[in-house]
Amino acid sequence: MFAKILIANRGEIACRVIATARRMGIATVAVYSDADAHSAHVELADEAVRIGPPPVTESYLQGSQIVEAALGSGAEAIHPGYGFLSENPDFVELVEKAGLTFIGPPASAIRAMGLKDAAKALMEKAGVPVVPGYHGADQDPAFLAAEAEAIGYPVLIKARAGGGGKGMRLVERQAEFAEALASAQREAAAAFGDAACLIEKFVTAPRHIEIQLFADAHGRVVHLFERDCSLQRRHQKVIEEAPAPGMTPAVRAAMGAAAVEAARAIGYVGAGTVEFIADGSQGLHENGFWFMEMNTRLQVEHPVTEAITGLDLVALQLRVAAGEPLPFAQDDLSIDGHAVEARIYAEDVPRGFLPSTGRLSHLAVPQASVFQPGALRIDSGVRAGDEITPFYDPMIAKLIAHGPDRPAALARLAAGLAEMRIAGSVTNLAFLRALTAHDRFAAGEVDTGLIGRDLEALSAEPAPSERTIALAAIAGLGLLSHRSGTDPWEVLVGWRAWTEAAHRIRLMQGEAPVTRRVVVLGPLRFRVEGDAEALDVTITCDDRGMRALFGDRSLRFDIAQDAHRVTVFAAGAAVGFDLPDPMGASGETEAAGHVITAPMPGLVKHVAVAAGQGVARGETLLVLEAMKMEHSLTAPRDGVVAELLAEIGAQVEDGAILVRLEDPQGD
């Protein structure tokens with residue numbers, strides 16, 4: 001076994017690998033960019049080596065610098081994690097040429113599966129069923145449009161390299177094809193350095209089911225059963241589970257056999273996943289699934305497989321890479337219960353899942369195991385005070401629940417999500433809570449279109465209750481500064497001994513202003529007066545935190561606050577209120593549609609208009625790339641481009657004015 005390994009990655013997966021290596025007595029070396037100098041994976045590792053500035057092209061994608069770091073630190077092997085260089089065969093060869101071991105499959109296997117078109121041709125030859133489509137080399141837009149027409153709409157445009165939903169577009173009508181293709185090609189080129197795309201028939205009730213594989217260097221290949229990854233947004237997974245709802249032994253055997261055959265066909269070694277698309281319209285059946293692609297690495301969702309098998313997949317990776325045989329055969333494996341994983345992201349769901357940035361001013365998680373199986377497990381690479389930057393994937397954590405059956409696992413996941421406390425960045429927690437309560441999901445009736453069909457309901461932001469507003473008003477005025485377990489007199493401010501002390505506060509909940517008058521009645525006693533009613537509130541503090549008493553009803557709550565925002569955590573939900581700067585701009589110009597601003601930090605990838613050009617409402621003005629995804633900015637109304645303040649290649653900040661519109665002449 002290796003004495004020391006280097007992890008060529010960052011964040012949660014780097015921390016995950018370090019945890020297993022530590023349990024095995026293996027020393028670890030982290031690499032980091034300037035943006036990650038004080039990150040969790042750097043502090044957890046035994047050693048750390050700087051490899052460059054924040055952009056991935058200058059740091060985590062610099063294979064030669066990573067190899068030099070490994071050699072300089074005395075590491076014997078490199079674990080690539082997932083993403084970055086994990087599926088780059090040139091990097092594998094660079095590692096091996098340096099006399100190091102790559103903890104993953106051989107370069108030949110990665111190449112065989114690295115381009116989706118070639119992989120599908122190889123799978124067809126091996127007898128693995130594939131989705132109908134065009135997987136050839138001709139990338140002429142007119143030719144591809146004709147192929148899409150021949151296949152029949154709807155079709156999927158997919159980048160032939162990479163994964164993670166990047167370079168993927170669903171096209172339902174011929175009129176949308178050209179723009180979707182151009183966008184997919186730009187995104188694919190930016191993410192993978194390869195703009196080529198393939199066209200596939202879109203299965204109308206698709207389920208995304210994947211098989212976890214393991215192969216050793218001694219000829220043994222086994223599968224570790226399936227995962228259902230059908231709950232997706234923008235072609236990226238949100239919730240994954242194992243086993244798949246509605247799976248039968250016959251279909252599992254057929255899928256497992258096809259995946260094993262795929263691995264054998266390319267001489268695979270290590271951990272890998274074969275992804276299938278299944279027709280869920282009539283339930284799962286043996287002739288109703290098709291090969292999509294193979295991920296020649298560990299998957300983000302591997303913890304659900306660990307939960308139902310009891311195996312440590314990272315430990316298996318290390319043992320196989322060290323030349324050890326797999327310690328089990330297929331018949332030795334069995335499924336224990338059910339597991340489900342939710343990915344917690346810094347993203348703004350109501351605004352189209354836009355990635356969000358910010359410093360995590362407050363991060364509290366439920367009691368759970370860390371990087372190893374348990375009834376509730378949390379895998380994370382960030383801590384309170386860490387910053388979510390625009391340079392990397394905005395995932396904050398993965399919450400994994402395991403139970404004796406699916407209902408028990410879902411109940412544990414829902415309870416765990418309700419206990420999560422995150423402030424400082426917009427997150428998808430409310431969306432995840434709504435999704436776990438979704439009737440069809442609870443019933444196991446899942447497909448990749450479920451989120452899209454019910455997105456409005458899933459992303460709806462309910463109006464905050466009067467109780468929540470009252471607590472926000474008290475906290476926003478600085479009348480409550482909780483420190484768990486302290487004397488209530490120490491947290492009391494703003495009251496007077498002989499008369500009432502009244503305060504007025506104006507909060508912003510989204511775009512809506514909320515004004516309240518707060519009267520301090522005594523020690524931790526307040527009256528909060530609104531437009532329609534007044535609430536008397538008494539606050540108590542104990543070892544578990546704070547509780548608010550409203551008449552005959554009490555509510556346990558928590559508060560996270562900084563100079564600009566207060567967040568109230570109560571009843572399994574989090575509601576944030578901005579504390580507006582009274583000297584700040586009114587925002588009326590933007591609200592009227594006169595300016596278009598950057599919704600997040602990003603890189604201008606495409607400009608579709610010019611100064612003086614007339615535009616129609618909904619027309620694309622420019623395209624921003626942030627966190628490896630493209631985001632189109634459209635005209636909020638009809639008008640004329642008065643001023644264009646961004647050019648291709650410019651890095652813009654959140655809120656930067658990019659386009660100014662004026663009314664058409666004559667209006």
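Every heavy atom of this structure was used, including side-chain atoms; hydrogens, water molecules and symmetry mates were not. From a predicted model like this one, the values you see are computed outputs, not experimental measurements.
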Please test R10 against F84 for side-chain contact (heavy atoms from CB on, under 4.5 Å), starting from the C-alpha separation and ending with a verdict. CA-CA 10 Å; R10 64 175 300 280; F84 297 143; 3.7 Å; yes
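- Note on K605 versus E187: no salt bridge recorded, every NZ/NE/NH1/NH2 to OD/OE distance being 4.0 Å or above.
- Within the 4.5 Å cutoff, no side-chain heavy atoms of Q299 are placed close to those of C229.
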Set out, in order, the CA-CA distance, both residues' side-chain angles and the distance that settles ring-ring contact (aromatic ring centres under 6.0 Å, His included) for F569 and H362, then state yes or no. CA-CA 11 Å; F569 302 99; H362 186 84; 5.5 Å; yes
Let's go through F202 and Y153 carefully: what are the C-alpha distance in whole Å and the side-chain angles of both, what is the deciding distance for ring-ring contact (aromatic ring centres under 6.0 Å, His included) to 0.1 Å, and is it a yes or a no? CA-CA 8 Å; F202 180 72; Y153 289 96; over 10 Å; no
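- Inter-residue side-chain proximity for V238 and R343 is flagged as unmet; no heavy-atom pair is nearer than 4.5 Å.
- Ion pair K237/E341 not flagged as a salt bridge, since none of the NZ, NE, NH1 or NH2 atoms sits closer than 4.0 Å to an Asp/Glu carboxylate oxygen.
- Side-chain atoms of T273 and E210 include no donor-acceptor pair closer than 3.5 Å.
- With salt bridges taken as basic N to acidic carboxylate O contacts below 4.0 Å, one links D578 and R565.
- At least one donor-acceptor pair closer than 3.5 Å links the side chain of R421 to the backbone N or O of A418.
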If you apply the rule side-chain contact (heavy atoms from CB on, under 4.5 Å), what do you find for F353 with N428, and how did you get there? CA-CA 8 Å; F353 296 95; N428 66 340; 5.6 Å; no
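- Looking at T305 and R227, their side chains do bring a donor and an acceptor atom within 3.5 Å of each other.
- The backbone N or O of A408 lies less than 3.5 Å from a partner atom in the side chain of D405, making a donor-acceptor pair.
- If you check the side chains of S356 and S425, you find a donor sitting under 3.5 Å from an acceptor.
- Of the N and O atoms on the side chains of Q212 and H223, not one donor lies less than 3.5 Å from an acceptor on the other residue.
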Residues R169, S183; criterion side chain to side chain donor-acceptor pair (under 3.5 Å); working and verdict: CA-CA 8 Å; R169 300 290 185 274; S183 177; 2.8 Å; yes
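- Considering only heavy atoms from C-beta on, I335 comes within 4.5 Å of R252 through its side chain.
- Between R233 and E347 a salt bridge is recorded (basic side-chain N to carboxylate O distance below 4.0 Å).
- Distance alone, capped at 3.5 Å, is enough to place a donor-acceptor pair between the R617 side chain and the P636 backbone.
- Looking at heavy atoms from C-beta onward, F276 lies in side-chain contact with V128 at the 4.5 angstrom threshold.
- F289 places none of its side-chain heavy atoms less than 4.5 Å from the side chain of L284.
- Side-chain N or O atoms of K398 include none that pairs as donor or acceptor with a backbone N or O of S380 at under 3.5 Å.
- Ion pairing between D194 and R160 holds under the 4.0 Å rule for side-chain N and carboxylate O.
- Here the side chains of R173 and V171 are not in contact, with every heavy-atom distance at 4.5 Å or above.
- Y392 and Y60 have perpendicular rings, their planes meeting at more than 60° on a 0 to 90° scale where under 30° would count as parallel.
- Taking the side chain as every heavy atom from C-beta outward, M247 and E226 approach each other to under 4.5 Å.
- Between I151 and I199 the shortest side-chain heavy-atom distance falls below 4.5 Å.
- Between the R433 side chain and the G572 main chain, a donor and an acceptor come within less than 3.5 Å of each other.
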Start with the C-alpha gap between Q232 and H208, add the side-chain angles, then the distance that decides, and say whether side chain to side chain donor-acceptor pair (under 3.5 Å) holds. CA-CA 9 Å; Q232 303 178 6; H208 184 143; 2.8 Å; yes
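- Looking only at distances, no side-chain donor or acceptor of T634 sits under 3.5 Å from a matching main-chain atom of E619.
- With E275 contributing its side chain and I209 its backbone, the two residues share no donor-acceptor pair below 3.5 Å.
- Listed for the K120 side chain is no donor-acceptor partner under 3.5 Å among the backbone atoms of V130.
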